[in-house]
Amino acid sequence: MEHKLALIGFGGMAGWHHDLIERIDGLTVAGTWDIREERRALAREKGLRVYRNFEDLLADPAADLALVATPNDLHRPLAIAAMEAGKHVVSEKPVTLCSEDLRAMTEASERTGRLFTVHQNRRWDEDFLTIREILAGGRLGEVHRIESRVHGARGIPGDWRQEPEHGGGMVLDWGVHLLDQALQLFPGVKLTSVYASLTHVTNQLVDDGFSAELAFANGVRMLVEVGTSNFLALPRWYVLGRDGSARIAGWGADAEIVRAVGESERDVVPVRTAAGLTKTMAPRRPDSIRSETVPEVKSDIREFWQNVMAAVEGREAPRVRLDEAARVMRLMEAVFASDRAGQAVAFEA
Ligand code: NAD
């Protein structure tokens, strides 16, 4: 079955979808509408149909799907209008700004019988899939801590992402990806508490980063951190288990594991520092550990749209479910609440 997608907004991300969709069988772009003439001109240059206005887009019977790729505050009204016009809708992340908005969008999907899902594309990131593989393989023994970070040094991009009324800030921008990934790691396990603080290094109006300590009911503690003033970046992932550690420094291909292979540490050479000796913090002897490389897990992001089409045709369940989106939204609200309170907040206790 052939599907046609109307792009609501033709900014950076809609352009990315347009280029991707050229490589997906069964899906084409029907046209686009953007409030800015310069973006409409670019769409025309790319050979796209540009609608006269939003109503013209909604009225196109050829487009059975719509993507909402505007600033975050507009996802709710535009997605609901598109569903009411009969389109199946994909919203860019974050799905919207708060749980109340998401309830209204979910209700519109139920009322109209249209599919509604969210582009949580970073579930296809190869670093994330590699960490899932490492956890599933059990090679680290019982895991007790996971750290997931993204560190940039350019502040917040200089547009609507700096403004609260448009849903700016890094919790809603990158946080939504990392928190969604965190909740995907342990299906069925409750997240009992959240302790978070936001940063305002370059922006007072919205957060330009945050750190959140998540306590899972299975005993795993997880740190999720986003920074935009980190001129030296820490590893993307760091995982500690009873028998080993894993690290992914960058975005995928560089996963490494170090595992204990014996307890024989009697004659370890101490580290000498200016102020004394330490055996406790001395590195393991090479014969008592083993370094292992981890094959990178390959993914194909085209699966996102292939799944959307299969879900519309009733062949598959949507890969990004609305109850999952609602849980991530509640978690982002808990991050804000913990920052305001200056203390941990209960989540699914
Ligand atoms: P952008 O500023 O480049 O594009 C937004 C576009 O929406 C602009 O061209 C703007 O003119 C247009 N617009 C504003 N109001 C409109 C309206 N009422 N009707 C039609 N068009 C309108 O921003 P972006 O980076 O493309 O981000 C868009 C969305 O995509 C955001 O929700 C963002 O969080 C998301 N995004 C997702 C990812 C990802 O990896 N999933 C990456 C980047 C952005």
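Each residue takes its place number in the sequence, starting with 1. Whatever order the structure lists them in is the order used to number ligands and atoms, beginning at 1. Computed from a prediction, not measured in an experiment: that's the story for all the values here.
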>> Hydrophobic cluster membership, with links at side-chain heavy-atom distances under 4.5 Å among I/L/V/M/F/W/Y: are V294 and Y238 in one?
In response: no
>> So if I count the atoms of ligand 1 from 1 in the order they appear, which ones are less than 4.0 Å from some heavy atom of T70?
In response: 7 (O), 16 (C), 21 (N), 22 (C), 28 (C), 29 (C), 31 (C), 32 (O)
> Taking the six-membered ring for Trp, are W16 and H119 parallel (under 30°), tilted (30 to 60°) or perpendicular (over 60°)?
Replying inline: tilted
>> For atom 33 (C) of ligand 1, which of the options H166, M13, K93 provides the nearest non-hydrogen atom?
In response: K93
>> Tell me which one of V308, T117, V328 satisfies side chain to side chain contact (heavy atoms under 4.5 Å, CB included) with V320.
In response: T117
>> Below 4.0 Å, non-hydrogen atoms only: which portion of L74 touches ligand 1? Side chain, backbone, both or neither.
In response: side chain
>> Hydrophobic cluster membership, with links at side-chain heavy-atom distances under 4.5 Å among I/L/V/M/F/W/Y: are L240 and V220 in one?
In response: no
>> Is there a polar contact between ligand 1 and D173, counting only N or O atoms under 3.5 Å apart?
In response: no
> Which of the atoms of ligand 1 are close to N72, meaning less than 4.0 Å from one of its heavy atoms?
Replying inline: 31 (C), 32 (O), 33 (C), 34 (O)
>> Out of all atoms in ligand 1, which are within 4.0 Å of some heavy atom of R39? Include the element for each.
In response: 9 (O)
> Can you tell me which residue and heavy atom of the protein come closest to atom 10 (C) of ligand 1, and the distance to 0.1 Å?
Replying inline: D34 OD1, 3.5 Å
>> Out of all atoms in ligand 1, which are within 4.0 Å of some heavy atom of G11? Include the element for each.
In response: 3 (O), 4 (O), 6 (C), 9 (O), 26 (O)
> Given I35, N53, L42, V118, which one has a non-hydrogen atom that is nearest to atom 17 (C) of ligand 1?
Replying inline: I35
> Quick check, are the ring centers of W305 and H3 under 6.0 angstrom apart?
Replying inline: no
> Among protein heavy atoms, which sits nearest to atom 37 (C) of ligand 1, and what does the distance come to when rounded to 0.1 Å?
Replying inline: E92 OE1, 3.0 Å
> Which of the numbered atoms in ligand 1 are below 4.0 angstrom from a heavy atom of A69?
Replying inline: 5 (C), 6 (C), 7 (O), 28 (C), 29 (C)
> Any idea which atoms of ligand 1 are less than 4.0 Å away from a heavy-atom of P71?
Replying inline: 5 (C), 7 (O), 14 (C)
> Among protein heavy atoms, which sits nearest to atom 44 (C) of ligand 1, and what does the distance come to when rounded to 0.1 Å?
Replying inline: R161 NH2, 3.2 Å
> What's the shortest distance from atom 23 (O) of ligand 1 to any protein heavy atom, and which residue and atom give it?
Replying inline: W160 NE1, 3.5 Å
> Is there a donor-acceptor pair closer than 3.5 Å between any side-chain N or O of N72 and the backbone N or O of G167?
Replying inline: yes
>> For the residue pair T202 / D208, report whether a side-chain donor-acceptor contact shorter than 3.5 Å exists.
In response: yes
> Where is the nearest protein heavy atom to atom 20 (C) of ligand 1: which residue, which atom, and how far?
Replying inline: W33 O, 3.6 Å
> Under 4.0 angstrom from ligand 1, any heavy atom of W16?
Replying inline: no
> Taking non-hydrogen atoms only, is H17 closer than 4.0 angstrom to ligand 1 via side chain, backbone, both or neither?
Replying inline: neither
> Within less than 4.0 angstrom of ligand 1, does F54 place any heavy atom?
Replying inline: no
>> Checking the side chain of R161 only, and the main-chain atoms of I156 only, is there a donor and an acceptor separated by less than 3.5 Å?
In response: no
> Would S148 and E225 count as having a side-chain donor-acceptor pair, cut-off 3.5 Å?
Replying inline: no
> Would you say the side-chain atoms of R236 pair up with the backbone N or O of V150, donor to acceptor, closer than 3.5 Å?
Replying inline: no
> What part of N121, side chain, backbone, both or neither, has a heavy atom within less than 4.0 angstrom of ligand 1?
Replying inline: side chain
> Can V206 and H200 be said to form a side-chain contact (heavy atoms from CB on, under 4.5 Å), step by step?
Replying inline: CA-CA 7 Å; V206 295; H200 294 276; 5.9 Å; no
> Is ligand 1 less than 4.0 angstrom away from at least one heavy atom of Q120?
Replying inline: no
>> Is it true that D127 and W237 share a donor-acceptor pair across their side chains at a distance under 3.5 Å?
In response: yes
>> Using side-chain contact (heavy atoms from CB on, under 4.5 Å), reason through Q184 and F128 one step at a time and then give a plain yes or no.
In response: CA-CA 10 Å; Q184 291 289 305; F128 165 67; 3.8 Å; yes
>> Please check whether G12 reaches ligand 1 - meaning an N/O of the residue sits under 3.5 Å from an N/O of the ligand, judged on distance alone.
In response: yes
